[in-house]
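Notes follow once the structure below has been shown.
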Amino acid sequence: MRIIGVTDYGQMSWKAASLLASQVILKRGSVLGLATGSTPLGVYRCLTEWYRQGLIDFSGAFSVNLDEYCGLSPEHNQSYAYYMRENLFRHINIRPDHTHIPNGMAADPGEEGRRYDELIRSLGGVDIQLLGIGHTGHIGFNEPNTYFIAPTHRVALNPLTIEANARFFASEGDVPRYAITMGLGSIMAAKRILLVASGEDKAEILYRSFFGPITPQIPASILQLHPNVTVVAERDALEAIRAKAPEMIEDGFPNEAAGLG
Ligand code: PGA
């Protein structure tokens, strides 16, 4: 596992975007596993900017998103389909039919989960999976006490997650109670994992996820078993790791630290 430390949100976004861009550039037909939430927004802004500058061509790329709220159509402005269109897809040249998000309106969520995992398999698997991390240690919408082997499936959202996501809705009562998410088994099947974190409120859960026991109570802790994980996090989010295991943090911009940046 690599933990790349950077000084601020802009650097975090730049660094993570450069890892995603390198995947797209190296392999036409790359399958990007994408995430929503506030943390990846800067990553998507960087990718958009580099596309505009002609540095990246997404025309051969595919994307699969982690999750979607149940009951929200792709047109709903809080759906993750809408988020992805607005924050990335409509700004770059990825083909709309190459972008995939679980169908939150599916009548049979179990069937939708099976379809989605089969789709990912048919694309050859995820080359690099971008992840944020929730305060509960959730990744995707895999809340504490989920099964490590779970495929894509329907989940009931944890009250803490509903509270955290209420900021995007008119009221907490409007936050959907269920979502369809890639399970931890589906996430662990990705060839590479790229987890981004920002803010001191993520510091403790980052430490517990990567340096504590591997337990379903902290879903992200399963990533300790993945052979290719890169964490890109800014200073505040790394406070607890820096206090206890500073030798594990790699400097994301070493020239700058040496006064060469
Ligand atoms: P955030 O969400 O990026 O909005 O903090 C992260 C998550 O819940 O996965």
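Computed from a predicted model, the values in this text were never measured in an experiment. Residues take their numbers from the sequence shown, with the count starting at 1. Just so you know, ligand 1 is whichever comes first in the structure, and atom 1 is the first atom listed for that ligand.
- Ring planes of H138 and F141: perpendicular class, angle over 60° (limits at 30 and 60°).
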Show me the short polar-atom pairs for ligand 1: any N or O of it lying under 3.5 Å from a protein N or O, with distances only.
{"from": "ligand 1", "atom 1": "3 (O)", "to": "S38", "atom 2": "N", "distance (Å)": "3.3"}
{"from": "ligand 1", "atom 1": "3 (O)", "to": "T39", "atom 2": "N", "distance (Å)": "2.9"}
{"from": "ligand 1", "atom 1": "3 (O)", "to": "T39", "atom 2": "OG1", "distance (Å)": "2.4"}
{"from": "ligand 1", "atom 1": "4 (O)", "to": "S38", "atom 2": "N", "distance (Å)": "2.9"}
{"from": "ligand 1", "atom 1": "4 (O)", "to": "S38", "atom 2": "OG", "distance (Å)": "2.7"}
{"from": "ligand 1", "atom 1": "4 (O)", "to": "R167", "atom 2": "NH2", "distance (Å)": "3.2"}
{"from": "ligand 1", "atom 1": "5 (O)", "to": "K202", "atom 2": "NZ", "distance (Å)": "2.7"}
{"from": "ligand 1", "atom 1": "8 (O)", "to": "H138", "atom 2": "NE2", "distance (Å)": "2.6"}
{"from": "ligand 1", "atom 1": "9 (O)", "to": "H138", "atom 2": "NE2", "distance (Å)": "3.4"}

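- Every residue two or more places apart in sequence or in another chain was checked for a side-chain contact (heavy atoms from CB on, under 4.5 Å) with P159, and none qualifies.
- Using a cutoff of 4.0 Å between basic side-chain nitrogens and carboxylate oxygens, R115 and E112 are scored as salt-bridged.
- Checked against ring-ring contact (aromatic ring centres under 6.0 Å, His included), Y178 has no partners two or more places apart in sequence or in another chain.
- I149 belongs to a hydrophobic cluster with Y147, counting contacts under 4.5 Å between side-chain heavy atoms of Ile, Leu, Val, Met, Phe, Trp and Tyr, direct or through other members.
- Within the 6.0 Å centre-distance limit, the rings of Y69 and F169 are counted as a close aromatic pair.
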